[in-house]
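Following: one structure in C-alpha cells, then a few remarks.
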Amino acid sequence: MLKTVRRTNMCGSLRETHIGQQVILQGWAHKARDLGGVAFIDLRDRQGVVQITVDERSPQAAKDMAATVRQEFVLEIEGEVVARTKPNSRIPTGAVEVVATSVKILAGTQPLPFALGGDAQEETRLTWRFLDLRRPELQSKLIARHRAAQATRSYLDSLEFVEVETPILNRSTPEGARDYLVPSRVHPGQWYALPQSPQLFKQILMVAGMDRYFQITKCFRDEDLRSDRQPEFTQIDIEMSFPTSDTVMEVAEGVAQAMWQKVRGEDIGEVPRLTYTEAISRFGVDNPDLRFGMELSEITDVVADSESTVIQGALQDGGIAKAFAVPSGATQSRKVLDKWTEFVRRYGMGGLMWAKVGAEGWSGSAKKLFTDEEKATIQETIGAKEGDLVLIGMGQAGHVNPGLGRLRRHIGLQLDMAVPGQFAFCWITEFPAFEWDEDSKRWTSTHHPFTAPRASDIALFGTGRENEIMTDAYDLVCNGYEIAGGSIRIHDSEVQSKVFTALGIDEEEAETRFGFLLNALRHGAPPHGGIAFGFDRSVMLLTDTDNIRDVIAFPKTTKAQDLMAQAPSVVDPEQLAELHVKNTK
RNA sequence: GGAACCGUAGUUAAGUUGGUUAUAACGCCGGCCUGUCACGCCGGAGGCCGCGGGUUCGAGUCCCGUCGGUUCCGCCA
C-alpha cells in the first residue's frame, strides 16, 4: 500500500461492509442527475462506478458544487458510505451510496466529442483515444494484456529463461517483410532498420551461451494492415539451447497455459498435432479453426472420369476436386450461396458448386453436373445427409484449398457453430522448407532462412527437389489464428550456406547481409530452437475480440496513421538536412 | 497495387422518382424539479450534407475524381 495517496477507497470496490465508513474518492463523473433538492453523481474509476448522493445531509457548498457537475468532470468526493434505500442490483456497488460532505471539482471538461457509452465511429474514437480508453471494456482488455504478460514472465522465469533486450536500431536484412528505416546522422547515406523480429540476435544469444532467452518486444513490419495486423506489434520471443522440437513446444504450451489460466482461469487442455500436409488436406489452410467440423475431402478420383465438360475443364492441368458438407445447410438461401460463391472467387476459384440434399436427391447448381453414382459417393465421402448442404470446389490446389478452407471458417462463424468462450488449440508441424515464388521465379522460405531442414533431407539441396525438403517447424494455432510459430534452427554454417544458395543468395551476398550470424555459427554454436508468440493476437483471443486495435493502447489505422498523435508527420527541413535525407515528394 | 462498404449538427442516425426553410434522439446552453440510476418537464443554440468537379432550371440525393475510416485479395521470411 502506498502511504501518501489521498483517496481511501476505489469507487468500484465499495460494498455493504463499508457502510458507516468515511471515505475519500477520486474519479470521473460517469453521469450526473440533478433532481433539484437532491443530486446523484455516478463516480467512476478503474474499478467501477458508485453512486454519490448530495441532499439535505450535505453542506450547502457541496450542493452548489454538485449542481455544476457535468459528465466526465474529475471529482474528489468526501462522504459516508450508507445503505441505499432503493438498491440497484445492476451494478456491483448497488447496495450502497456515498452521502457527500464535500464535492471538489479537480478538473472540468470541454464538451465531449462523442458519447463514451455509445457506438461512435472508429475514426472518431481513435482520434480521441484517451476518451475511448476510459471505457471499461477497453480498460479490461489492457488489464488482461498486462496479466498475460505477467503470467508469461513468471512462467518463463520459473524455467530459468532470462529476459534480454535486443536492439531496436538494427541492420536491414531485406529478406521477408519491408523494413522501417531510420537514417543515420553520423553515417551519411546509411540507415538502420527497425527489427521485423529479434531472430538473429536471439540465435546469437544462444551462441553466446545464454541457454534460455525470452523477451516481450516490439517488432516492425512495413506491410499493409489487416484486422489482426499492426505495423508495430508485440512478440513473446523465446529461444533455447539443446532442445528438441518437443521441448520448445512444451515450453510454448506452458506459456499459453499460463496466459489462459491467469486471464481466463481455464486450462488449454491437450493440444492435438497435425502435420502441415494433413492440415491442408483436411482444412485447406495451415491455421485451421478446430471449433467446428466440416472437414474437406478430396473427391478428385470420384469425378475424374466425368463426362461433364465443366468438370473436365476444372480438372485439367492437375486440378483437384474437394468437397465438404454444411450440416443442416439446405436451409441457406440462394442469396447466401451467391455470397459464398463470391467469397471463394477472391481466392482464385472459378466458382462454387453446391447442392441441397433433399428427399428426392440433390437440388442446386451441382445437380446436373454429376451422375447419381458420383453424387452417392460424394455424399458418403463427406458424410452429407438429408437437409445438409454439399459444397464442391474444383481447380488448382492453390486456389481450391484456401478458397474452401477460408469458406469453411467463414460459414462456421456465420452460422454460430463455435461455442462462445471455446478455445481449440492445435499444433501444425513439418512444414516444407521452401515455396516456389512465381513472380521472382525462385525459392522462398516458408518460415525463415534459419529454419533447420530435416537432416535426412539435406541431400536434396541442389537437386531441383528443394520443394521436398521439410523442416522441424511448428505453429501454434487457436481458433483459426496462428498465435505462435517457431522452429529448430540451423547451427551449422555449412547447412546455412546451402539454404542461402537455394534461396538464390550467393556467398558474397550472404556474408554481407548475415555475416555476423554466419560468423557466430562458425564459433561453437549449440543446437538451438525457439518460438515467438504474436502477443497481440493471443490477447485478442483472451479478450474475445477480433479487432487487434482493441488490445493495443494506441493503435494505428489501416493506413498506418495514429489519428490521435497525428503520426506520421512532416518534419523540419533542418532535421532532414542533418540526416542527409531529401524528400522526393 | 486491387475490390467492397461507409462518410449528413459535437455524437448516432433519418432524409421518398432530384423540388420550399435538411429532420430526430442524445449531448451542449438557460430555466424548473427531494430518490434518481437511460431521471423528468419547459425553452434555446448548433450544418461547407468529407472535399473538388460535372449533369440539371434545381443536387444531401445522379455521374466522375479525390481524401479519410473499415473489411478482404495481393503483401505480411
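The chains referred to below are lettered A, B, ... by the order of the sequence lines, with proteins before strands, and numbering in each begins at 1. Reckoned from all heavy atoms, side chains included, excluding hydrogens, waters and symmetry mates.
Inspection of the A:Thr173 and A:Arg171 side chains reveals no N or O donor paired with an N or O acceptor under 3.5 Å.
Put simply, CG on A:Asp222 is 12 Å from P on B:C76, counting in whole angstrom units. When the P atom of B:G74 is taken as reference, atom OH of A:Tyr347 falls 7 Å away, rounded to whole Å. One atom, NE2 of A:His448, and another, P of B:C76, lie 15 Å apart when rounded to the nearest Å. In this entry the distance linking CZ of A:Arg33 with C1' of B:C39 reads 7 Å, nearest Å.
Side-chain atoms of A:Gln121 and base atoms of B:U70 include no donor and acceptor less than 3.5 Å apart.
Closest-nucleotide positions on RNA chain B for A:Arg84 and A:Ala177 were compared, and the one nearer the 5' end corresponds to A:Arg84. Comparing A:Ala32 and A:Ser197 by the nucleotide of RNA chain B whose heavy atom lies nearest to each, the residue mapping closer to the 5' end is A:Ala32.
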Protein heavy-atom contacts under 4.0 Å, written 5' to 3' over nucleotides 40-47 of chain B as B (base), S (sugar-phosphate only) or - (none), form the string --------
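Between A:Arg70 and B:C29 there is a side-chain polar atom (N or O) within less than 4.0 angstrom of OP1 or OP2. Side-chain N/O atoms of A:Ser227 include one lying less than 4.0 angstrom from OP1 or OP2 on B:C72.
Proximity of residues 546-562 of chain A to RNA chain B (heavy atom under 4.0 angstrom from any strand atom) is restricted to A:Arg549, A:Thr557, A:Thr558, A:Lys559, A:Gln561. Remark: nothing in residues 466-477 of chain A comes within less than 4.0 Å of RNA chain B through any heavy atom.
With a 3.5 Å ceiling on both atom-pair distances, the Watson-Crick or G-U wobble partner of B:G40 is B:C32.
Between B:G7 and B:G40, the two P atoms lie 30 Å apart (nearest whole Å).
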